[in-house]
Participant: 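The structure under discussion is supplied below as structure tokens; questions concerning it will follow.
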Amino acid sequence: MPNYQVTFKPNDLSVAAAEMASLLEVARKAGFVLSAECGGQGTCRRCKVKLLSGGLFIAGEQNLSDAEKAGNIVLACMARIDGDVTIELLPESELRYDPGAADRDLEPQEHPGYALKSLGLSLTPLVSKANLDVPPPTLENSVDDYSRFQTSFKKQVTDKRIETPLSVLRSLASEVRQADGHLAVIYAEEADRIGVVQAVHEAKYMYGLAVDIGTTTVFVRLIDLADGKILGEASDYNAQISCGGDVIHRIVYAGKGKELAELQSLIQQTINKLIKSLLKEHKLKKDAIKIVVAAGNTTMQHLFLGLDPKQIRLEPFVPTVTRIPVVSAASSGLDVLPTAPVFHAPSVASYVGGDITAGLLAAGIHRSEKLTLYVDLGTNGEIALGNKDWLTACACSAGPAFEGAGVKCGMRAAPGGINRVESDATDGILTFQVIGHVAPRGICGSGMIDLLAELRATNRITPRGKLNQEIDPRRIRANRGKQEIVLVKGDNGTGTDDIVLTEIDIDNLIRTKGAIFAGIMTLCKGVGIQPQEIERVVIAGAFGKHLDVNNAIRIGMLPDLPRKRFEYIGNGSLQGASMALLSQRMWQQTQDIADRVTYFELSSWPGYMDEFMAALFLPHTDGRLFPSVGKINVR
Ligand code: FES
């Protein structure tokens with residue numbers, strides 16, 4: 001089969017590609033991360049590129065407008081290489097990660113070691129270091145090195161069963177002699193056994209990594225095991241994004257053939273890239289990293305380990321594993337000390353994963369008297385409710401609309417995204433705040449919530465989400481028989497389109513917020529409480545950072561409670577993984593949390609559908625649930 005040359009502009013990068021190769025795949029292999037919410041099914045329109053010259057074969061129907069087709073726009077997932085070709089990557093399709101605010105010095109209380117101290121806990125990392133004296137061999141005592149090592153360890157450290165990897169054994173003879181018998185031994189203690197991680201003449205650095213494997217974004221945190229301080233943090237998009245925007249599309253993609261291995265490789269590459277940048281920044285070698293604690297949703301855990309996730313989306317929704325055994329970094333494909341143990345925060349079920357158990361640990365719900373609601377507003381909406389006596393959790397099939405999927409001009413929180421919307425109290429004029437001080441390109445999750453709240457408050461949309469053209473004929477218009485509101489006019493000179501919100505978008509957003517609120521109500525009713533009894537609401541997840549809680553209540557997404565009961569804890573999953581890394585007691589508590597959570601499978605839960613239908617209204621069909629909103633809405 002002939003090979004053709006594919007050139008990507010504006011980077012001018014050329015790669016070879018086989019005839020009939022998917023352009024989306026070629027771009028991915030060339031290192032470009034294109035948005036592909038639908039996983040290459042040609043429905044999401046996120047993977048648009050411009051054909052500048054050459055031959056492409058279009059396989060299947062292109063879901064594009066006539067103007068886009070006339071402008072040589074194609075969907076990369078539908079395009080096959082059919083000759084030498086030059087492609088322009090469009091800013092709205094290529095995902096360029098923006099880590100947000102520049103580096104800043106962390107406040108003392110932000111370090112996980114501080115969090116442990118405030119709980120009265122000392123640092124007891126999941127790996128320990130012992131200085132071990134191993135007597136030298138003599139002609140009279142010619143016992144082998146490993147036997148002398150084991151005997152010394154049992155006498156001087158603990159008499160638990162010792163397991164030593166072959167790679168440690170291989171270097172033992174030279175290390176013992178180089179150390180003149182005074183070895184530094186790094187080990188992990190688990191129930192009745194000791195796993196030796198390293199036995200060396202000198203172990204100067206003792207660092208660990210906490211990893212949050214998110215569906216959209218991956219975070220890696222470098223932590224000093226000696227004092228529990230964060231040395232650095234790095235993050236990037238999960239490179240699997242170009243294989244599907246959410247867990248369902250990834251599972252479908254994994255089932256295509258060899259794609260499970262590809263997804264595993266992509267997440268390993270993403271994490272290793274972040275590890276490499278942290279090691280470089282702190283002038284460390286990979287052997288300095290003695291342990292990794294990872295937290296991710298159940299699907300991400302499966303894909304990271306190369307486990308088939310198929311059963312996660314098939315009734316009765318049973319994953320391969322919820323308690324992942326400790327595995328070595330080498331067998332996990334991580335570029336740290338090969339024998340470093342990799343711990344995974346335990347999952348509860350297919351759709352309540354280790355990210356939630358870690359988040360609950362960080363939020364301290366399991367040890368609090370207060371009845372607490374935990375809402376993780378990531379790519380998947382997970383909710384937990386409980387206190388120190390009981391815990392419940394569910395995953396609402398909210399879908400990634402707040403990340404831009406299924407919303408015509410939706411996008412992730414990135415430069416050009418409208419992230420705040422306000423309307424003037426007297427004339428209702430809308431004003432926007434845009435991320436990154438650049439021209440607006442679309443609207444991101446927090447902006448969508450603000451916008452819904454403001455449109456409802458100014459009567460531009462009805463409680464059912466229908467646009468009311470009479471109220472704002474200047475902005476609201478019909479387009480091919482469908483109503484839409486123009487937020488920002490496009491510029492013919494630069495070829496940019498209008499930024500709009502359509503009635504179909506509004507419907508998607510109402511379904512998303514409705515799924516979240518219905519999940520909250522189902523948990524409340526399941527345990528026999530009223531939402532008003534919730535004493536504390538913890539919002540976690542990257543999207544929560546920009547969330548205006550008041551507007552989330554005004555649209556009926558979160559319960560109508562006094563605003564001071566709400567708090568944002570940032571990346572709960574990463575913080576929980578960090579705390580577990582540094583404390584054996586905290587690690588044990590993640591297991592206890594997973595044991596104690598009662599999981600509600602909403603797809604078969606009686607009453608969930610009724611709750612969902614009742615929530616498809618702004619704010620809700622039962623106005624008594626939102627007493628403060630009636631006073632705010634409709635100025
Ligand atoms: Fe190409 Fe969705 S339309 S990935």
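Whatever order the structure lists them in is the order used to number ligands and atoms, beginning at 1.
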Participant: Could you name each residue pair satisfying salt bridge (charged side-chain N to carboxylate O under 4.0 Å, His left out) that touches residues 473-483, not counting sequence neighbours?
Facilitator: Arg477-Glu484, Arg477-Asp498
Participant: Please name all residues satisfying side chain to side chain donor-acceptor pair (under 3.5 Å) with Lys69, sequence neighbours left out, ordered by chain then number.
Facilitator: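 Once residues adjacent in sequence are excluded, Lys69 has no partner under the side chain to side chain donor-acceptor pair (under 3.5 Å) criterion.
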Participant: Using the salt bridge (charged side-chain N to carboxylate O under 4.0 Å, His left out) criterion, which residues pair with Arg46? Sequence neighbours excluded.
Facilitator: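 Testing Arg46 for salt bridge (charged side-chain N to carboxylate O under 4.0 Å, His left out), a comparison that skips the adjacent residues, returns none.
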Participant: With a 4.5 Å cut-off on side-chain heavy atoms, are Phe219 and Val211 touching?
Facilitator: no
Participant: Donor-acceptor pair, distance only, cut-off 3.5 Å: does the side chain of Gln301 make one with the backbone of Ala345?
Facilitator: yes
Participant: Can any side-chain N or O of Lys513 pair as donor or acceptor with the backbone N or O of Ala615 at less than 3.5 Å?
Facilitator: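 Yes; at least one donor-acceptor contact below 3.5 Å.
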Participant: Which protein N, O or S atoms sit under 2.8 Å from atom 1 (Fe) of ligand 1?
Facilitator: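 For atom 1 (Fe) of ligand 1, the protein N, O and S atoms that sit under 2.8 Å away are Cys47 SG, Cys77 SG.
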